[in-house]
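First the structure, in the form of structure tokens, and then the observations on it.
Because the structure is predicted, anything quoted here is derived from the model rather than measured. Keep in mind that the numbers below use all heavy atoms, side chains included, and drop hydrogens, waters and symmetry copies. Convention: sequence-line order gives letters A, B, ...; per-chain numbering from 1.
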Amino acid sequence: MALKIKDLRIYYQTLRGDVKAVDGISFQVKDGEIMGLAGESGCGKSTLSNALILLKPPMKYISGEVFLNDKKLPIDNYEAMRANRFRGVSIIPQYAMNALNPIRKLKQIISDLLEHHGESFVKMRDMIEERLKLVELDEKVLDLYPIELSGGMNQRMVMVISTLLNPSLLLADEITSALDVSSQKAVSKMIVEFRDRKIVRSVIFVTHDISILYQVADSIMIMYTGKQVERAPTETIVKNPLHPYTKLLISSLPEVGIKYSQAPLKGIPGRPPELLNPPEGCRFKDRCPVASEKCDEEPPLVEIEPGHQVACWKVGAIDD
Amino acid sequence: MIELKDITKVYSLGAFGKRKLTAVDNVSFSIGEGKIISLIGESGSGKTTIGKMMLKLIPITKGQILFQGKDLSLFKGEKLKEYYRYVQGVFQDPFSSFNPIFKADRIFELVKSEFFPELTGREWQIHVLDALESVGLNPKTVLNKFPHQLSGGQLQRMLIARALLLDTKFLVADEIISMLDASTRIDVLNILAELKKGGLSILFITHDLSLGYYISDESIILYRGSVMEAGKTEKVFSTPLHPYTRMLLDAVPRIDRKWTTFEIPERKAVGSDTIGMCKYYDRCPLATKECEAQGLIKVEEDHHVACWRWNDV
């Protein structure tokens, strides 16, 4: 197992109390797997991925363990994590196009970063050029400043930099959200390529766009208000979802071929509850069309079939 | 109702405005009453520029926009204000459309003081409640709140409600869905479709083809400032004739079909050898030396394409 997480809890400290953004998450990512992580904004998906690389206040580690390649990842220890960042775990941030210092040459940015991790830019130059080719950038860009590149080129540059030291786990946080369709496809291609060429061992692809995940991910985990609601192979999540939330989420996706005048889609009524004092029991019960009294008790995450876990009382009940 | 005639917009860039960038190049189309037209294109295709010109937020370099038969460039002062009674815009980012230090419902007050100073507070309140209801918002949950207390979907719907407080006949909706969550974006789309039934015309600017297909009557595919294909939405999407439209449709991530390949034609900087050629020349897999710049060809009554080889590609 490339990544194994056990009962992870990450809260945000606020003056009014703890916001339970990630509340008891356990999952595993296999070697060579691209796992999609999807959910509405505020469901904790970015918190989860950020906690794996840079856990800093107001984020607070509460409990849980993270293992990367069977070694414990000290995510709660800021200093001890330093050795793991970039090499063990690396991230492509959400606004990658704005992540680089605009007035420093790209080769300076890269060599600073490599030196900090005990590597040398000169020795690695050949490899860097090879990677640039992979994302269709010319090696001449190394002598340019980030302001001289377009947003898309900067984003590709960040993708190269993030993966230079062949990290085991790559976190991709909403990297396709601000892009148009053809660039989305290009970025997805690169992520798959990184995995196929074994530049990275596994990927967590965070996004709210399930249709992108259907194209690139091997499995998808759906989060809702800090909890896992469903995890299954991509095909199963999209074609045969079991949790009511996943069902509503999938059925609200507009697609080429669906028109308002013929078949209007419906959104999910209501809003997610506050995570300062989340309700007892299933957190989706107030918006759920099939909720019952049983849902005042928290549903456990159960394995329906190998690789398919769901947290809903109704799912077990139908089988009975 | 609103008509664009050979609209061109040239931006001057660099020191002393020496570099010229043609953002919109000879675009013409018209929008009838109660119609939704989607303007679809990649970033940099000039779709937002067209929306801004229709809202008279930036000047037009060449061409004419006619609103109910009158030239938009002649609207100034009182007349322009009158124009904004009928034409309004809603933009991409609902969070930055609001001033965070004032309550969110201040946007309604501003409309009153600017356009309806003669109304009493109570009369105005009725108008506001009507508008909120038409966008499916519960006044209790959104009035008297600060922007940070509301969700993106709620804020975006408030902005639509604000636009409706006037006698709005035409709405420019510029990427209004892209910042919203999957669960609320469809609600906002449905509201637009409902408003259309009431006679509102909408220019729906988007890069997401599935959203454009979902609500629009007609679609315009834009590339580097030129119209590549235009026509009835069903026709453009089911029988795309331009190689660019096909590439876009293939690149749309769908949940009923996986991409067969990850390859897409790369975008390059415009080279001198492509001047006078079709704008899609350098990316088009089917391009030949004869692919010169091409105007729209009428294929059917409601389907136009800017590719001379539409017949055999």
Side-chain angles (χ1 to χ4, degrees), chain A residues 38-43 136 150-152 176-193 207-216 234-235 237-239 245 248-272 287, chain B residues 36 40-45 136 141 151-154 177-190 192-194 196 206-217 233-234 237-238 244 247-259 261-267 269 283:
Chain A
E40 283 172 86
S41 41
C43 73
E136 286 156 4
S150 70
T176 56
S177 312
L179 306 175
D180 48 48
V181 283
S182 53
S183 321
Q184 277 182 348
K185 195 171 177 181
V187 167
S188 315
K189 173 191 163 190
M190 286 158 205
I191 294 288
V192 173
E193 196 112 321
T207 180
H208 63 262
D209 189 347
I210 295 178
S211 39
I212 280 277
L213 291 182
Y214 183 63
Q215 309 296 330
V216 298
T234 304
E235 205 67 33
I237 284 276
V238 172
K239 298 278 152 68
Y245 178 65
L248 286 171
L249 203 60
I250 302 268
S251 67
S252 72
L253 292 177
E255 256 188 89
V256 174
I258 299 176
K259 261 189 104 62
Y260 175 81
S261 47
Q262 290 150 9
L265 298 169
K266 276 206 195 84
I268 306 175
R271 286 181 71 181
R287 299 170 80 186
Chain B
I36 301 184
I40 302 170
E42 292 169 286
S43 40
S45 59
T141 54
S151 73
Q154 285 173 321
I177 312 287
S178 54
M179 302 272 294
L180 304 182
D181 256 316
S183 64
T184 46
R185 47 170 47 183
I186 208 71
D187 293 330
V188 175
L189 271 186
N190 287 346
L192 291 187
E194 282 299 318
K196 172 202 136 130
T206 183
H207 65 254
D208 190 329
L209 285 92
S210 49
L211 301 181
Y213 186 81
Y214 182 65
I215 63 165
S216 67
D217 303 299
T233 299
E234 284 90 339
F237 279 76
S238 63
Y244 179 63
M247 188 279 287
L248 282 183
L249 277 170
D250 280 343
V252 174
R254 305 174 57 142
I255 53 169
D256 57 347
R257 197 173 68 204
K258 290 217 180 191
W259 288 328
T261 150
F262 279 100
E263 295 309 320
I264 51 157
E266 201 201 339
R267 281 169 106 168
R283 279 173 91 187

Item to check | Check: B:Pro253 main-chain N/O paired with A:Gln215 side-chain donor or acceptor under 3.5 Å | outcome: no

Checklist entry - Got a second to check how far B:Ile186's CD1 is from A:Leu248's CG, nearest 0.5 Å? => result 12.5 Å

Checklist entry - Got a second to check how far B:His207's NE2 is from A:Asp180's CG, nearest 0.5 Å? => result 6.5 Å

Checklist entry - Sub-3.5 Å donor-acceptor pair from the side chain of A:Glu255 to the main-chain atoms of B:Arg254, do we have one? => result no

Next on the checklist: Check whether B:Tyr214 reaches the backbone of A:Leu265 with its side chain - one donor and one acceptor, N or O, closer than 3.5 Å.
Outcome noted: yes

Next on the checklist: Quick check for you: to the nearest 0.5 Å, what is the distance between B:Leu189 atom CG and A:Tyr260 atom OH?
Outcome noted: 10.5 Å

Item to check | Stepwise side chain to side chain contact (heavy atoms under 4.5 Å, CB included) check, B:Lys258 with A:Glu235 | outcome: CA-CA 10 Å; B:Lys258 290 217 180 191; A:Glu235 205 67 33; 3.8 Å; yes

Checklist entry - Where does B:Ser238 contact chain A at under 4.5 Å (heavy atoms): side chain, backbone, both or neither? => result neither

Next on the checklist: Can you tell me how far apart OG (A:Ser182) and CZ (B:Arg283) are? Round to the nearest 0.5 Å.
Outcome noted: 5.0 Å

Item to check | Selection from B:Asn190, B:Ile215, B:Asp208, B:Asp250 maximising heavy-atom pairs under 4.5 Å formed with chain A | outcome: B:Asn190

Next on the checklist: Below 4.5 Å, heavy-atom pairs only: which of B:Gly212, B:Ser210, B:Gly41 has the largest tally toward chain A?
Outcome noted: B:Ser210

Checklist outcome for this item: Sorted by chain and residue number, the ring pair (Phe, Tyr, Trp, His ring centres under 6.0 Å) partners of B:Tyr213 (sequence neighbours excluded) come out as B:Phe237

Next on the checklist: Please classify the contact of A:Lys266 with chain B as side chain, backbone, both or neither, using a heavy-atom distance under 4.5 Å.
Outcome noted: backbone

Checklist entry - Measuring heavy-atom distances to chain B, does A:Glu193 have an atom under 4.5 Å in its side chain, in its backbone, in both, or in neither? => result neither

Checklist entry - Contact part of A:Ala38 toward chain B, heavy-atom cut-off under 4.5 Å: side chain, backbone, both or neither? => result neither

Item to check | Shortest non-hydrogen contact from A:Pro254 toward B:Leu211 | outcome: CG-CD2, 3.3 Å

Checklist entry - Rounded to the nearest 0.5 Å, how far apart are CD1 of B:Ile255 and OG1 of A:Thr234? => result 12.0 Å

Next on the checklist: I'd like to verify something: which residue of A:Gly39, A:Ala186, A:Ser188 has the highest number of heavy-atom pairs under 4.5 Å with chain B?
Outcome noted: A:Ser188

Checklist entry - Looking at residues at least two apart in the chain, or sitting in another chain, which of them share a salt bridge (Lys or Arg N to Asp or Glu O under 4.0 Å) with A:Lys189? => result A:Glu136, B:Glu263

Checklist outcome for this item: Under 4.5 Å to a heavy atom of chain B? For A:Ile212 that would be both

Checklist entry - Rounded to the nearest 0.5 Å, how far does CG of B:Asp217 lie from NZ of A:Lys259? => result 6.5 Å

Checklist outcome for this item: Note: vs chain B, highest number of non-hydrogen pairs under 4.5 angstrom among A:Ser261, A:Gly42, A:Pro264, A:Gly257 is A:Gly257

Checklist entry - Would a 4.5 Å heavy-atom cut-off, applied to side chains only, mark A:His208 and B:Arg185 as touching? => result yes

